[in-house]
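Here is the structure we will look at, set down as structure tokens.
Every chain is numbered from 1, with letters handed out A, B, ... down the list of sequences.
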Amino acid sequence: MKTRTGKMKKTADILEKIMNFIFTVCGFMAVAFVLIITIFLVISGTPAIAEIGITDFLFGTKWASTAAEPSFGILPFILSSVYGTFGAILIGVPLGILCAVFIAKIAGKKISSIVSGAVNLMSGIPSVVYGFLGMILIVPTVREVFRLPDGANLFSAIIVLAIMILPSVISVSETAIRSVPREYEEASLALGATKTETIFKVTLPAAKSGILASVVLGIGRAIGEAMAVMMVAGNVANMPGIFKSVRFLTTAVASEMSYSSGLQRQALFSVALVLFVFILGINLILNLVVKKERK
Amino acid sequence: MESGILNMLKGKNKKSKGLIMIMKTTKIFGAAILSAIMAIVTMTGCGKTSQKTVSTDGSTSMEKVIGYLSEAYMEKNSDVKVTYNPTGSGSGIQAVQEGRCNIGLASRNLKDEEKADLNETVIAIDGIAVIVNPDNPVSDLTMDQIAKVYTGEIDNWSEIGGKDLPIVCIGREAASGTRDGFESITGTSEKCKYAQELTSTGDVVQTVSSNPNAIGYASLASVNDSVKTMSVEGIMPSDETILSGEYKIQRNFVFVTKKDEELTGSAKDFFDFCMSSEADEYIRKAGAVPIAK
């Protein structure tokens with residue numbers, strides 16, 4: 001076969017164009033989804049905020065959506081979500097980073113592959129399973145250990161969330177730690193620093209923006225979790241306290257959406273909008289962190 | 001955001017398997033959220049009547065009953081589809097009025113103004129059991145005591161003959177039919193001080209069975225051996241005591257139809273099936289008490 005005939009070339013060109021089109025469409029699909037979700041949430045979330053009043057909505061402390069005189073204050077949800085996420089980060093991040101150090105630096109090849117395999121598996125476990133375990137194990141344990149009347153509270157939710165963010169924190173930190181140039185560590189060791197000193201004074205600081213990214217990813221995961229939280233947090237719209245039954249932004253939507261109506265339904269969309277704004281903010285922060293690193 | 005981290009780390013390390021895993025899961029989450037939204041959007045419309053479709057709409061408490069009945073009915077009439085839209089008693093009644101479905105489902109009797117243009121037919125009675133942990137020595141409560149416990153006036157088991165332990169009130173989420181039934185029968189609407197608001201009957205039973213301080217309520221059918229069922233005013237809930245009305249915490253499951261528009265075709269056939277003694281078995285399976293025929 002010497003050269004392609006004109007006809008064959010033409011067909012190939014057309015095919016090329018069609019595929020190009022398909023690739024482009026698929027490429028913009030993600031953008032389209034994000035846009036659709038944003039527009040949908042803004043359109044369906046704003047009427048209730050307008051009707052209730054933005055200050056009453058965001059800073060009201062009482063949520064009674066089905067009462068004869070309903071009140072829609074979501075401050076308890078916002079604070080519960082923030083406290084819960086913060087608590088989960090406080091517990092989960094140190095654990096996760098140390099685990100990542102173990103996988104990347106301490107453990108031998110065989111053990112490290114077992115541990116990271118387990119971590120990957122952990123990220124695949126459905127959240128309802130975490131919630132179920134929390135309900136069966138953590139809630140009764142919290143009740144007994146702290147001598148409380150009931151164990152379904154913010155503390156139990158924090159524990160469950162801390163476990164759930166571990167996989168994200170571990171895998172991203174591990175990648176960051178592994179990408180620290182070997183020479184840095186070798187130089188430190190050659191200067192007489194011990195392995196531990198090297199890890200804490202050289203490796204971790206060098207990997208800090210990757211680790212920071214893992215923290216932000218963990219925050220995103222924790223604030224967006226609904227199912228597991230719903231099963232262990234008690235779901236009463238209280239202002240948060242560590243041993244109080246609380247309702248998160250996510251669970252507020254999930255527990256009432258299925259059969260809500262009228263203003264209640266609209267208000268739930270508004271709650272979802274607030275949650276969306278939170279997650280948007282977290283993503284922006286993550287982008288900033290990553291950009292800073294690139295420079 | 002994931003691609004950002006990925007790019008950042010790619011230059012330094014080729015083995016970012018874990019990260020790719022995260023990216024994948026994040027994307028799956030995105031898809032799940034979208035499909036959930038779509039589901040919500042489609043759910044808002046009640047199935048429009050077409051041939052060979054019987055649409056029901058209303059009480060979420062009746063989900064099990066209507067589920068068993070429609071399954072049994074469809075097994076015998078494979079050309080008919082019975083749909084159920086769980087919107088709540090109020091919405092169901094409204095849906096019938098507006099002609100958006102054939103049969104409205106309500107877990108309460110119709111109000112007088114609703115009776116003007118609607119018919120109600122009781123198909124079953126639901127008993128709501130009050131349950132406590134098996135370790136709890138208390139076995140009987142009066143209606144008054146139940147109300148006081150749930151409103152927080154009584155907060156220790158010793159006040160009603162139990163051990164010196166705090167009372168933990170377990171309930172359902174605000175939109176639940178069981179909660180609505182329980183609160184309206186005990187006169188505690190909007191006054192209950194819950195320690196937990198759970199989203200399913202199973203969760204309530206599970207929580208009560210694992211906490212010696214807890215008290216909860218659930219449809220009689222869903223109660224199992226892991227919890228203790230209380231007698232109310234000295235009467236244990238059972239088919240007989242519920243039918244006779246002796247057991248107080250009970251409510252009717254009602255089919256709502258239009259007065260000026262008789263059911264026809266499959267809708268009428270399904271209605272008649274649910275009212276026949278043949279349906280008793282399925283109503284019992286669903287945990288409600290069939291009315292005497």
Under 4.5 Å from any heavy atom of chain B - which part of A152(A)
both
Consider side chain to side chain contact (heavy atoms under 4.5 Å, CB included). Of Q196(B), E197(B), E173(B), R172(B), which one does N235(A) pass it with?
E197(B)
Chain B contacts, top residue of R143(A), M135(A), E144(A) (heavy-atom pairs, under 4.5 Å):
R143(A)
For the residue pair D203(B) and M230(A), establish whether any side-chain heavy-atom pair is separated by less than 4.5 Å.
no
Between S245(A) (side chain only) and A195(B) (backbone N and O only), is there a donor and an acceptor less than 3.5 Å apart?
yes
I136(A) versus Q206(B): any side-chain heavy-atom pair under 4.5 Å?
yes
Give the minimum heavy-atom separation between E256(A) and A174(B), together with the two atoms involved.
OE2-CB, 4.2 Å
The interface call for L212(A) against chain B, heavy-atom contacts under 4.5 Å, is neither
Counting only heavy atoms from other residues, nucleotides and ligands, does the tally under 6.0 Å from CZ of F243(A) exceed 12?
yes
Do N211(B) and D150(A) touch side chain to side chain, with heavy atoms closer than 4.5 Å?
yes
Of all heavy-atom pairs linking T199(B) and S255(A), the shortest is CG2-CB, 3.5 Å
For atom NZ of K105(A), decide whether the heavy atoms of other residues, nucleotides or ligands shown that lie under 6.0 angstrom number more than 12.
yes
